[in-house]
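These numbers come from a predicted model, not from an experiment. A note on names: the letters A, B, ... follow the listed sequences, proteins ahead of strands, and every chain is numbered from 1.
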Protein chains: 2
Amino acid sequence: MSRLGMAKKARSKATSSNQRREESLTREQIIEASIMLLDSGGEGGLTFRTLSERLATGPGAIYWHIANKSDLLTAACDAIIARTMNAPMGSALLGTTPQATIRLLALAMFDAIDAHPWVGSALTRAPGQSPMVRLVERLGQQIRAMGVPKKEHWVTVSALLNYILGVAGRNAANGQFARTEGLNRTDFLEAVSAVWSQLDIGEYPFARSMAAPMRSHDDRKDFLDGIDLILRGIGSPLRK
Amino acid sequence: MSRLGMAKKARSKATSSNQRREESLTREQIIEASIMLLDSGGEGGLTFRTLSERLATGPGAIYWHIANKSDLLTAACDAIIARTMNAPMGSALLGTTPQATIRLLALAMFDAIDAHPWVGSALTRAPGQSPMVRLVERLGQQIRAMGVPKKEHWVTVSALLNYILGVAGRNAANGQFARTEGLNRTDFLEAVSAVWSQLDIGEYPFARSMAAPMRSHDDRKDFLDGIDLILRGIGSPLRK
DNA sequence: ACCTGAACACCGTTCAAGT
DNA sequence: ACCTGAACACCGTTCAAGT
């Protein structure tokens with residue numbers, strides 16, 4: 001569309017009349033375009049062909065700047081996480097308790113993954129890489145501030161991290177699944193709730209009883225309640 | 001290989017001389033073969049072509065019994081979860097505390113996802129479907145038995161579920177990632193730990209301090225410790 | 001140094017045609 | 001009712017050839 005034309009013009013203009021400007025494709029441009037494609041088209045929306053169209057080049061050009069698709073996904077994911085962890089909530093955090101800060105961090109991640117659902121699965125596929133490092137660092141500093149003994153740092157950060165990524169990822173998957181079926185999230189939950197409410201009462205009594213809360217629940221609120229549950233566990237003495 | 005030949009012979013023999021035996025491909029056969037392919041070749045190992053080779057048919061035949069690949073993955077996933085939740089740990093569970101039962105259930109899931117790493121991501125992509133129902137039911141019955149008030153059932157089951165699937169999934173992803181890089185899990189953790197230990201100390205002090213525990217930790221033990229952390233939270237009174 | 005774009009070896013899925 | 005297998009419209013990735 002016009003976007004393509006503009007990109008092409010901008011680049012050729014830079015090449016012809018502006019020497020100091022980056023004349024060539026940059027890694028950042030590629031990642032930025034990837035994020036837009038992932039946001040609008042889901043995981044399947046990012047293709048070396050659509051991407052190169054958007055950047056007004058050939059598919060081969062991208063491989064000069066990026067190793068492969070997995071590399072590209074990790075980089076896009078990292079960009080989102082970096083933005084989220086460095087967001088200007090910084091000042092609001094000072095002076096409150098570490099618990100409150102953890103809640104804010106968790107909520108920021110929840111909202112980021114909600115806005116960029118593909119981040120959920122990308123994070124799982126890139127263990128130990130830079131997106132994860134950023135997350136662990138921010139959570140860890142609050143765990144330290146809470147006075148959790150060093151021996152428990154690893155378990156504590158792992159419990160929080162996995163809960164956050166687990167719920168946020170599942171929430172995002174709900175949204176994507178709903179979109180695939182052509183429903184909005186409310187209608188989707190309505191539909192799942194309807195199915196659960198008709199489960200065999202002898203075999204699935206508990207799951208059946210979850211149909212009602214599923215229909216009326218607030219994803220963000222429940223997410224925070226779970227964080228509180230874990231924070232409570234962190235604060236409690238060991239049972240045995 | 002010989003397996004292919006055998007399958008072919010068995011089916012043609014059934015067709016020619018045994019009337020009551022299933023002459024045609026069944027959904028179960030397809031799912032079973034899919035599980036084997038997924039186990040040995042990872043997510044990319046399941047292909048309609050490899051699958052139909054293994055079943056000694058054409059790719060089109062599978063579509064008579066299965067809607068599409070997503071349907072196939074969910075069905076394979078459900079088969080694993082069903083087996084895991086109905087495993088003969090049943091008798092050992094009676095008479096112990098609900099907490100102990102939850103630990104056993106969680107560990108069974110951890111081991112199942114460790115043995116079938118593709119289950120982790122398949123579960124995320126099929127929210128609200130039958131695999132999930134089975135899990136929620138088993139966990140929920142124990143939550144009831146613990147005397148958790150009804151109002152907290154939803155949050156509690158969601159916290160446990162997400163922790164279990166989150167950690168198990170991440171653990172499985174570690175294993176797969178390592179395999180892709182041609183390492184075993186120990187060497188992989190060693191490598192990640194080495195990278196983390198060289199992070200900038202000003203920017204990532206906490207993540208850096210996690211390098212050591214990452215090298216020496218026991219995945220299953222840490223997983224259980226996290227479960228205990230959450231169980232502790234469930235047992236504690238609300239803070240405010 | 002960076003880009004082009006055709007080519008390769010795959011995918012999931014469909015569908016006329018068979019039995 | 002169930003299967004065959006060629007065909008379609010895609011993928012990610014490579015690589016000779018260009019500038």
Side-chain angles (χ1 to χ4, degrees), chain A residues 4 7-16 18-31 33-34 37-38 41-76 118 121-122 125-126 180, chain B residues 4 7-16 18-31 33-34 37-38 41-76 118 122 125 180:
Chain A
L4 274 180
K8 196 158 214 159
K9 223 201 311 194
R11 281 187 53 224
S12 54
K13 190 180 166 193
T15 310
S16 63
N18 191 333
Q19 289 272 9
R20 299 184 311 164
R21 248 311 194 185
E22 305 141 348
E23 308 112 10
S24 68
L25 207 54
T26 66
R27 202 169 201 267
E28 282 67 37
Q29 282 169 26
I30 296 173
I31 292 168
S34 300
L37 287 171
L38 286 163
E43 317 229 12
L46 177 61
T47 280
F48 278 84
R49 267 159 259 254
T50 58
L51 183 57
S52 59
E53 259 180 43
R54 188 136 197 159
L55 293 167
T57 42
I62 293 161
Y63 280 89
W64 186 264
H65 303 272
I66 251 120
N68 49 42
K69 191 168 186 181
S70 160
D71 180 30
L72 183 54
L73 258 170
T74 306
W118 48 274
S121 41
R125 250 168 275 157
T180 312
Chain B
L4 275 180
K8 197 160 212 158
K9 215 184 339 179
R11 281 186 53 227
S12 55
K13 190 179 166 195
T15 310
S16 63
N18 191 334
Q19 289 271 11
R20 298 184 312 162
R21 248 301 190 201
E22 306 141 348
E23 307 113 11
S24 69
L25 208 52
T26 66
R27 201 167 202 269
E28 282 67 37
Q29 283 169 25
I30 295 174
I31 292 169
S34 300
L37 286 172
L38 286 163
E43 317 229 12
L46 178 62
T47 281
F48 278 83
R49 268 159 258 257
T50 58
L51 183 57
S52 58
E53 260 181 42
R54 189 137 197 160
L55 293 167
T57 43
I62 294 161
Y63 280 89
W64 187 263
H65 302 273
I66 251 123
N68 49 42
K69 192 168 185 180
S70 160
D71 179 30
L72 183 54
L73 258 171
T74 306
W118 49 274
R125 248 169 276 158
T180 312

### Query
Shortest non-hydrogen contact from L25(A) to H65(A)?
O-CE1, 2.8 Å
#### Entry: Distance, rounded to the nearest Å, where I30(B) contributes CD1 and dC2(D) contributes C1'
11 Å
### Message
Which heavy atom of T50(B) sits nearest to which heavy atom of G45(B), and what is that distance?
### Response
OG1-O, 3.4 Å
#### Entry: Sequence-distant partners of R27(A), side chain to side chain donor-acceptor pair (under 3.5 Å), two or more places apart
D71(A)
### Query
Between CD1 of I31(B) and OG1 of T26(B), what distance do you get to the nearest 0.5 Å?
8.5 Å
### Whole-Å distance separating the CG atom of L51(B) from the P atom of dG5(D)
16 Å
### Query
Counting just side-chain N and O atoms, does W64(B) come under 4.0 Å of either OP1 or OP2 of dC2(D)?
yes
### Task
Using the test side chain to side chain contact (heavy atoms under 4.5 Å, CB included), find all partners of T180(A) that sit at least two apart in sequence or belong to another chain.
none
### Task
Fill in the dot-bracket string of DNA chain D, one character per base: . for unpaired, | for a pair to another strand, ( ) or [ ] for pairs within the strand, taking Watson-Crick or G-U pairs under 3.5 Å.
||.|||||...|||||.||
### Message
Please enumerate all residues that pass side chain to side chain donor-acceptor pair (under 3.5 Å) together with E43(B), with sequence neighbours excluded.
### Response
S121(B)
### Task
Provide, to the nearest angstrom, the distance between the CG atom belonging to L55(B) and the C1' atom belonging to dG5(D).
16 Å
### Query
Atom CG of L37(A) and atom CG of L46(A): how far apart are they, to the nearest 0.5 Å?
6.0 Å
### Task
Sticking with atom C1', work out how far dA16(C) lies from dC3(D), rounded to a whole angstrom.
13 Å
### Query
Please give, in whole Å, the distance from dA1(D) P to H65(B) NE2?
13 Å
### Message
Testing the basics here: between N68(B) and F48(B), what is the closest heavy-atom pair and its distance to 0.1 Å?
### Response
C-CZ, 4.2 Å
Below 3.5 Å between N/O atoms, which protein atoms pair up with nucleotides 10-16 of chain D? Just atom names and distances, please.
residue : atom : partner : partner atom : Å
dG12(D) : OP1  : K69(A)  : NZ           : 2.6
dG12(D) : OP2  : F48(A)  : N            : 3.1
dG12(D) : N7   : R49(A)  : NH2          : 2.4
dG12(D) : O6   : R49(A)  : NH2          : 2.8
dT13(D) : OP2  : Y63(A)  : OH           : 2.8
dT13(D) : OP2  : K69(A)  : N            : 2.9
dT13(D) : O5'  : Y63(A)  : OH           : 3.0

